[in-house]
Structure formats: structure tokens, C-alpha cells
Amino acid sequence: MNAQVTVTLPDGESRSFPAGVTGYDIAQSIGKKLAKDALAVTVNGTATDLNLPITEDARIEIVTFDHPLGKEIFWHSASHILAQAVEELFPGSRFGAGPAIEQGFYYDIASPHRFTETDLELIEQKMLEIGRRAITVRREEMPREQAIEFFSTKREDPYKVEILQDTLKDTPRVSIYHQGDFADLCSGPHLPDTSKLRAVKLTNISASFWRGDPSRETMQRIYGIAFPSEKLLKKHLAALEEAKKRDHRKLGAELGLFMLSQDVGSGLPIWLPKGAIVRSELETFLKEEQKKRGYVPVYTPHIGNIELYKRSGHYPYYSDSQFPPLTYTDDLGREEQYLLKPMNCPHHHLIYSSELRSYRDLPLRLTEFGTVYRHEQSGELNGLVRARGFTQDDSHIYCRPDQLVDEICNAIDLTRFVFATLGFDDIQVRLSLHDPDNPGKYGGTGDVWEQAEKDVREAAERMNIEYVVGIGEASFYGPKIDFIVRDALGRKWQLGTVQVDYVMPERFDLSYIGPDGQPHRPIIIHRAPFGSMERFIGVLIEHTAGNFPLWLAPVQVAVLPITEDAHEYAASVRDLLHREGIRVKLDTRSEKIGKKIREAEVSKVPYMVIIGQKEREDGTVSLRRHRQGDVGTMTLDQLKEKLFTEITEKS
RNA sequence: GCUGAUGUAGCUCAGUCGGUAGAGCACUUCCUUGGUAAGGAAGAGGUCACCGGUUCAAGUCCGGUCAUCAGCUCCA
């Protein structure tokens with residue numbers, strides 16, 4: 001072993017230390033503050049405990065809370081502290097899994113005690129106390145067998161034993177982290193001691209299934225988030241408050257966009273006039289764009305004979321998340337069953353096969369805003385983003401194999417165009433592939449899947465998309481490219497999607513006549529840039545906080561006369577804008593201008609036109625922009641011009 | 001569907017020990033005619049989610065149902 005080791009810091013500087021130096025020593029040699037903030041260290045890119053000796057030359061980086069890895073380690077350690085606190089307060093609790101998550105951590109606990117919200121405060125206090133005790137966290141490595149022994153005798157942790165015997169059955173050596181009397185099976189790394197934990201908030205408590213398996217026991221999951229300082233926690237809580245104000249369910253009601261009524265049924269949104277404007281503008285926008293790209297519109301019924309969905313495979317695969325079939329009995333006692341349309345595709349396939357297709361006719365791009373109904377589990381319903389009745393901007397592209405990759409690219413391009421226009425920049429793209437270990441979930445043969453996934457990848461590469469791969473996320477008929485965005489609370493939702501399908505053409509025996517005069521199988525692309533109009537607008541509401549761009553705003557201009565003298569002129573301005581197709585409202589109540597402005601601001605009307613005696617005499621208007629204030633005085637022509645430009649540019 | 005929490009006026013919420021329902025905003029009417037985020041007064045508005053139980057008496061206590069929320073599971 002070398003007596004000295006050379007470590008290279010992220011800035012490229014190399015330093016020499018005695019072998020066995022720890023990350024903490026190095027941090028201390030760099031600065032006191034860094035040593036204080038240090039949580040862990042990466043050695044040649046691998047995260048490691050701060051107090052582990054470094055015995056060879058290495059690239060190292062000190063990890064603090066500001067580092068993404070730092071948060072993960074911090075929160076993971078916080079989950080251990082949570083477990084220790086629970087163990088001290090509620091003896092007999094057994095621990096399942098306790099990872100760091102994107103925003104904090106959780107621990108799954110099996111306990112004879114039923115945790116309540118008041119317990120959470122108690123546990124928080126105990127966690128902070130454990131922090132003040134500054135308990136050293138010690139890593140111990142041992143053979144797997146010995147760990148099983150440890151968790152069956154020294155500690156009674158049946159869940160850890162199960163993990164050791166099952167998930168880790170091929171791992172010969174495992175590590176245990178000791179923290180006072182508490183110990184947990186964990187690969188680490190962890191904080192050197194518990195003193196870094198200065199602020200903690202246990203946010204909620206819910207049920208989870210052990211190992212995510214509904215047939216196993218339910219556990220109590222406690223969620224929380226922790227920080228090295230009280231100030232950071234306050235900031236986090238304030239950000240959460242802000243996010244809540246953006247909640248589309250809250251804004252949807254406040255701005256009169258949509259409603260949900262028990263009298264209609266849960267999960268069945270009703271579009272109010274203002275929300276309907278937003279939706280209709282978006283639909284027009286996409287229809288126009290699709291017209292340019294060679295799509296042809298169709299309309300199909302809202303229900304269909306159940307045989308149709310048996311044939312497509314939707315019925316057998318998804319019967320548990322559909323409304324039950326409607327059964328119709330005719331005079332002769334013959335029964336027919338109809339299903340509320342869960343999908344538009346089968347109808348479109350029938351349109352395809354309604355006439356003989358030539359290879360020259362392809363690609364055929366059928367498009368429809370098709371409303372579908374799915375009986376989502378009651379606990380899943382969530383405003384507009386998870387509903388039981390919703391409208392897909394659904395198209396099916398029927399093409400030849402030589403056109404496929406081009407067509408996928410076109411669909412990706414359209415989806416990106418839609419997202420860019422609406423200002424979504426933080427999108428995750430996922431290639432959703434099949435899970436080879438779960439063949440029962442999918443239709444079609446292995447060859448077909450291989451080809452489909454190859455095509456999808458090729459298109460994604462060609463379009464220069466940065467993507468993540470989601471194994472097991474494919475639909476039953478083919479792989480997908482999914483566009484995923486987050487809501488105000490950070491939850492992920494799939495919006496746009498492009499899907500390749502070699503299975504349905506077989507099921508529906510679709511064909512076209514090739515140049516050789518023989519029938520050939522087309523390939524289908526399912527695609528929906530918005531995904532669901534409901535979900536998209538739900539996320540859009542949160543994305544914009546209800547401040548829609550001018551072209552989408554339900555009311556674009558509020559005309560606000562200051563006194564009654566100005567009413568007549570104000571009405572003429574309203575009529576002028578109205579004739580030009582601007583959505584305009586005139587406020588002639590006998591309220592002061594300040595109040596009228598306030599109400600227009602609160603209802604997020606993009607422009608206010610303020611009219612007093614001066615404007616009336618000069619034939620001008622005073623313009624005010626929502627959230628910005630006074631823009632200045634201008635003529636009516638200038639006003640029209642300004643509004644038109646902004647609407648056309650969709651800015 | 002599962003676990004937990006919540007459910008009072010259109011909205012946000014108060015309602016003590018079980019004793020006959022309250023505020024602010026919004027709404028209606030009247031007064032007020034004003035210059036860039038809340039003028040004043042009066043009025044109207046309730047099957048306390050629903051069903052049942054305990055009680056002389058239930059918004060309040062108990063049981064059930066439904067809905068909403070958080071998470072889990074699921075998502076063509």
C-alpha cells in the first residue's frame with residue numbers, strides 16, 4: 001500500500017495525503033466551512049461515507065447538501081433517524097423500506113401502534129433530539145448469512161431478513177449501518193453522524209403494500225423531509241404553499257373553468273363557458289396544425305358493440321377499468337352488449353378497412369377529438385388530470401413499413417411543436433418498452449416487438465431526443481414514446497404519446513395492395529400530442545398558474561370605464577373589439593376604478609382598457625397589462641394592432 | 001379498490017361542556033361618479049354531505065354510506 005495518496009479535486013487540483021485519509025480530512029484541509037457542510041464524498045464517482053479511509057489515488061468530490069447526491073444521502077439518513085425515533089417511541093415497530101425520494105424520504109413501518117397526525121409531531125421532536133445527541137453512524141460489512149443472523153437474533157427485523165433472503169440472495173457481502181441502538185440493512189452511504197439533522201417535517205402518513213404487492217400486508221408509510229437548517233425548511237414549506245395556489249382544482253373553481261359534481265358522477269368533469277373557451281382554442285390550434293400535416297378528421301360514436309373491443313383486445317385486458325357493458329334486449333329476447341368507448345382506435349381501424357387501400361393511399365392519418373370513458377379506481381381520481389370521462393386528441397396513422405420511421409418522427413415533431421407553443425420546457429421523454437419478464441401482459445410476437453422497439457429508438461435518435469427508458473411501460477400492443485410533465489406538486493403525468501402498433505393490424509386484418517398487386521399489412525401509429533384535453537389543460541392551468549396567454553384567455557380584455565360619463569364611449573370600444581373577434585367584457589358597475597382593476601387582476605384577465613373623461617375626449621384608451629400595470633395611452637388602431645399581434649404570435 | 005384524514009352559506013372558515021346556526025368575501029338593492037389591486041349602508045342566503053342510533057335535546061357523541069384530499073396499487 002502506498003504511504004501517500006494523491007487525490008484530484010473537481011477543479012483539477014491534486015493534493016497529496018497520507019494513505020487512509022478520509023473525505024472529512026480532505027474537506028477540512030480545504031476549508032472549515034466545507035468540513036462543516038460535508039455530508040459524504042464521491043471517490044472516482046462513487047458515493048462513499050465521509051469517514052471511510054481512502055487508500056488509493058482517486059478523483060474525489062466533497063458532497064454537501066447543495067449537491068443533488070447530498071440531498072439524497074441526507075434524506076436517506078433522515079429516514080434512518082425517523083426509524084430510530086419510531087423505534088424509541090413505539091417499541092415493537094418493524095421496518096420495511098425507507099428510501100430517499102425526490103422531495104424527502106419515507107419509511108414503511110409495520111407497527112401495532114396506529115400512527116396519527118399528533119404522533120408525527122412527537123416523532124419530529126424525537127428526531128431532532130436524536131440529531132442533538134449527535135450519534136455516530138457506523139458502517140459494518142459482513143457476509144449475508146451473518147446479516148440474516150443479526151436481523152433474526154440481535155434485532156427482530158423480519159422484513160430485512162426477507163430482503164436478505166430474496167432480493168439480495170446473490171450478494172455475498174452486505175452492509176449494516178449502526179446508529180446507537182438502531183441498525184439498518186443499507187448499502188449507504190450515510191451521514192457521519194446524526195447532528196446534521198436540524199429541521200424536519202413529517203408531511204403525511206399513508207398506507208403502502210409491503211414490496212408494492214397488494215396481496216402482501218399493508219404497512220404504514222410516514223413521509224417527511226429534512227434539512228440541515230431551519231431556514232431551508234421554511235423555504236421549502238413556503239414553496240409548497242405557492243404550489244398549492246397553482247392547484248388546477250382550486251384555480252379551476254376560482255376562475256370558473258370547470259366543475260365536478262356528484263350529481264353527474266365522480267370523475268366526470270363539466271366544462272364551464274370559460275374553460276370551454278380554453279379547450280376550444282386549443283382544439284382549433286391543433287386542428288389547423290394537423291390540416292397542414294395531412295391529417296383527415298373523422299367522427300365516431302361514443303359507444304360500440306362489445307365484440308369490437310373483444311376483437312381489439314381492450315376488453316379482455318382492461319375489463320376491470322371499464323364501465324360495465326350496457327345490455328340491450330330486443331323484442332325477440334336477443335341480447336346485444338355495448339361498451340362505453342374506452343378507446344378510439346377500433347373505430348378508426350374500421351374506417352381504414354371500409355375501403356380497399358392502395359400503397360399509394362398511405363400514409364392515411366385519421367384524426368378525432370374522441371371522448372372516452374374509463375372506470376378509474378375511485379382513489380385515483382384527481383380533478384382534470386385523472387378523470388373517468390375525457391377527450392383524447394387521438395389520431396391513427398396507417399402506413400407502410402418504409403414510411404414508419406418518418407411518420408413517427410413527424411408525430412414527435414408535432415408533439416414537440418405543441419409543447420413548445422404552450423411553453424412547456426421541462427418535459428421528460430420516456431421510451432416505454434415491454435418487460436421481457438412479463439410476457440403475458442403483451443399481444444403480438446417477440447419478433448414484432450423487437451422490430452417495433454427498434455423503430456421507436458431509431459426515430460427518437462433521429463429526432464435528437466433526450467430520453468429515459470421505461471421497461472414495462474409499453475402498452476399491450478406496442479412500445480411508446482411518452483411525454484411526461486409535472487404538476488405543481490411535482491407529480492408526474494403523461495401527456496403526449498406516440499405509439500407503434502404491429503398488433504392491431506393483425507387483429508383487424510388490415511391490408512393495402514402493394515405495387516406487386518398483393519395485400520400487405522400496414523403498421524399503425526397511435527399518437528396524441530395533448531394526450532387528454534382534460535389532463536393537458538389541468539397541467540396547463542398549473543403551469544401558467546391560470547395566467548393564460550392572450551390567445552387562450554377566456555376573457556382577453558376588460559373594458560373599465562371610470563365614470564358613468566364614459567359608459568357610452570366604453571361600450572363603443574367594447575363593440576369595436578368584439579367585432580374584431582376579441583373576447584371582451586365591459587364593467588359598468590358603479591364601483592371605483594381601483595375595485596374594477598382589482599377584480600380584473602384577480603380573475604387574471606390579460607388586458608384592462610381603462611376609459612375616463614380624457615380618453616373619451618381624445619378617442620384613446622389607457623391600457624393596463626395583467627400583473628404588470630399601466631402600459632400607457634394609445635389609439636384604438638394601436639390597441640387592435642397590439643392585441644392582434646400577440647394573439648397571432650401565441651406569445 | 002386499500003390505509004388515513006376531511007365534509008357547516010356560492011367561496012374561505014369559526015362554532016367551547018350536547019341546549020335550537022356565525023364571520024369575512026361573493027351575491028341583490030340603495031347611496032356614491034371616482035384615474036390604475038378592495039367606497040358606504042341595508043338585504044337575502046343553511047336538510048350542518050347522506051342514512052340510522054344514543055339522548056328530554058345532536059352541527060357536536062356512536063355506527064354505516066357517499067364524496068373530496070394525501071399516499072399505495074393501477075393507467076389502453
Side-chain angles (χ1 to χ4, degrees), chain A residues 101 106 108 114-117 203-210 212-223 244 247 249-250 253-254 256 259-263 265-267 309 312-322 341-346 372 374-383 386 392 394 441 443 473-478 480 482 489 491 493-494 497 499 501 503-504 526 528 532 535 560-567 588-602 608-615 622-633:
Chain A
I101 51 178
Y106 67 78
D108 282 345
R114 165 75 56 202
F115 295 106
T116 65
E117 270 173 42
T203 45
N204 59 55
I205 169 170
S206 75
S208 64
F209 300 113
W210 169 234
D213 181 349
S215 67
R216 301 288 309 262
E217 57 267 48
T218 57
M219 302 185 80
Q220 301 183 72
R221 177 174 294 181
I222 298 179
Y223 283 86
K244 265 193 204 153
D247 190 315
R249 291 163 296 192
K250 187 173 155 64
E254 281 172 8
M259 61 181 257
L260 289 156
S261 162
Q262 295 172 35
D263 295 337
S266 51
Y309 305 102
S312 71
H314 290 107
Y315 187 67
Y317 273 94
Y318 297 105
S319 54
D320 52 348
S321 57
Q322 283 162 1
K341 181 164 72 174
M343 259 314 217
N344 300 303
C345 2
V372 297
R374 300 178 186 173
H375 194 271
E376 305 289 3
Q377 296 184 12
S378 59
E380 282 307 325
L381 300 177
N382 185 303
R386 195 74 191 267
Q392 297 175 313
D394 209 359
K441 205 178 148 189
E473 303 286 347
S475 75
F476 76 88
Y477 53 68
K480 314 186 280 176
D482 292 322
L489 296 169
R491 292 177 294 201
W493 298 98
Q494 178 197 304
T497 181
Q499 316 180 351
D501 179 2
V503 174
M504 290 300 151
H526 307 238
S532 129
R535 175 175 293 180
L560 311 178
I562 294 171
T563 66
E564 247 167 59
D565 298 349
H567 280 190
T588 52
R589 294 172 309 163
S590 67
E591 294 292 351
K592 290 171 106 166
I593 190 64
K595 175 146 184 173
K596 293 183 185 182
I597 287 172
R598 180 185 152 78
E599 287 185 9
E601 288 283 350
V602 167
M608 285 146 273
V609 161
I610 293 156
I611 290 170
Q613 202 178 3
K614 197 153 61 76
E615 287 78 12
S622 168
L623 191 65
R624 182 187 162 98
R625 172 84 223 201
H626 171 51
R627 294 197 302 165
Q628 284 174 22
D630 198 354
V631 177
T633 303

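Here is the naming used below: chain letters follow the sequence lines, and residue numbers restart at 1 for every chain. Heavy atoms only: backbone and side chains are in, while hydrogens, waters and symmetry mates are out.
What separates CG of A/Leu260 from P of B/G7 is a distance of 20 Å, to the nearest Å. Rounded to a whole Å, the CZ atom of A/Arg598 is 11 Å from the P atom of B/A37. Atom P of nucleotide B/A37 and atom CE of A/Met608 are separated by 9 Å, given to the nearest angstrom. Whole-Å rounding puts the A/Tyr315 OH to B/A76 C1' distance at 15 Å. In this structure, A/Ile593 places its CD1 atom 9 Å from P of B/G35, rounding to the nearest Å.
Taking atom P on both nucleotides, B/A14 is separated from B/A57 by 29 Å, rounded to a whole Å. Taking the P atom of each, B/U32 and B/U36 are spaced 22 Å apart, rounded to whole Å. Using atom P as the reference point in both B/G64 and B/U3, the two lie 12 Å apart (nearest Å). Annotation: B/C61 and B/G22 have their C1' atoms spaced 22 Å apart (nearest Å). A distance of about 49 Å separates the C1' atoms of B/U54 and B/A38, rounded to the whole Å.
Of the possible polar contacts, none joining the A/Arg249 side chain to the A/Asn382 backbone as a donor-acceptor pair under 3.5 Å is found. Of the possible donor and acceptor atoms, one in the side chain of A/Arg374 sits under 3.5 Å from a partner among the backbone N and O of A/Pro342.
For A/Phe209, taking side-chain heavy atoms from C-beta onward, the closest of the listed nucleotides B/C72, B/A70, B/U36 is B/C72. Residue A/Arg114 places its side chain closer to B/U3 than to any other of B/U3, B/A67, B/C69. Here the nucleotide nearest the side chain of A/Tyr318, chosen from B/G39, B/A76, B/G35, is B/A76. In the set B/A38, B/A76, B/A70, the nucleotide with an atom closest to the side chain of A/Pro342 is B/A76. The side chain of A/Tyr477 has B/A76 as its nearest neighbour among B/G71, B/G34, B/A76. Looking at the side chain of A/Ser266, the nearest of the listed nucleotides B/A76, B/C72, B/U68 is B/U68.
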**Complete:** In B/S/- notation (B base, S sugar-phosphate only, - none; protein heavy atoms under 4.0 Å), nucleotides 24-29 of chain B written 5' to 3' is --S---

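With the 3.5 Å cutoff on both pairing distances, Watson-Crick and G-U pairs in RNA chain B assemble into runs of at least 3 at B:1-7 with B:66-72, B:10-13 with B:22-25, B:27-31 with B:39-43, B:49-53 with B:61-65.
For B/G34, the base has no donor-acceptor partner in the side chain of A/Glu564 [N/O atoms by modelled type, under 3.5 angstrom]. Side chain A/Ser206 to base B/A5: no donor-acceptor pair is found below 3.5 Å. One cannot find a donor-acceptor pair under 3.5 Å joining the base of B/U33 and the side-chain atoms of A/Ser590. With hydrogens and angles ignored, a donor-acceptor pair closer than 3.5 Å exists between the side chain of A/Arg386 and the base of B/C74.
Taking every heavy atom of both residues into account, A/Glu601 and A/His626 meet most closely at OE1-ND1, 2.8 Å. For the pair A/Asp108 and A/Ser208, the tightest heavy-atom approach, listed with the atom from each and the gap, is OD1-OG, 3.0 Å.
Within the structure, a side-chain polar atom (N or O) of A/Asn382 is placed less than 4.0 Å from OP1 or OP2 of B/A70.
The ring of A/Tyr317 does not lie on top of the base of B/A76; it is either too far (5.5 Å or more) or too tilted (30° or more).
Between A/Arg598 and A/Glu591 there is no salt bridge, since no side-chain N of the basic residue sits under 4.0 Å from a carboxylate O of the acidic one.
Residue-level contact check: A/Tyr223 touches the backbone only, with heavy atoms under 4.0 Å from sugar-phosphate atoms and none from bases. Residue contacts shown for A/Arg627 are absent, as no nucleic acid heavy atom lies under 4.0 Å away.
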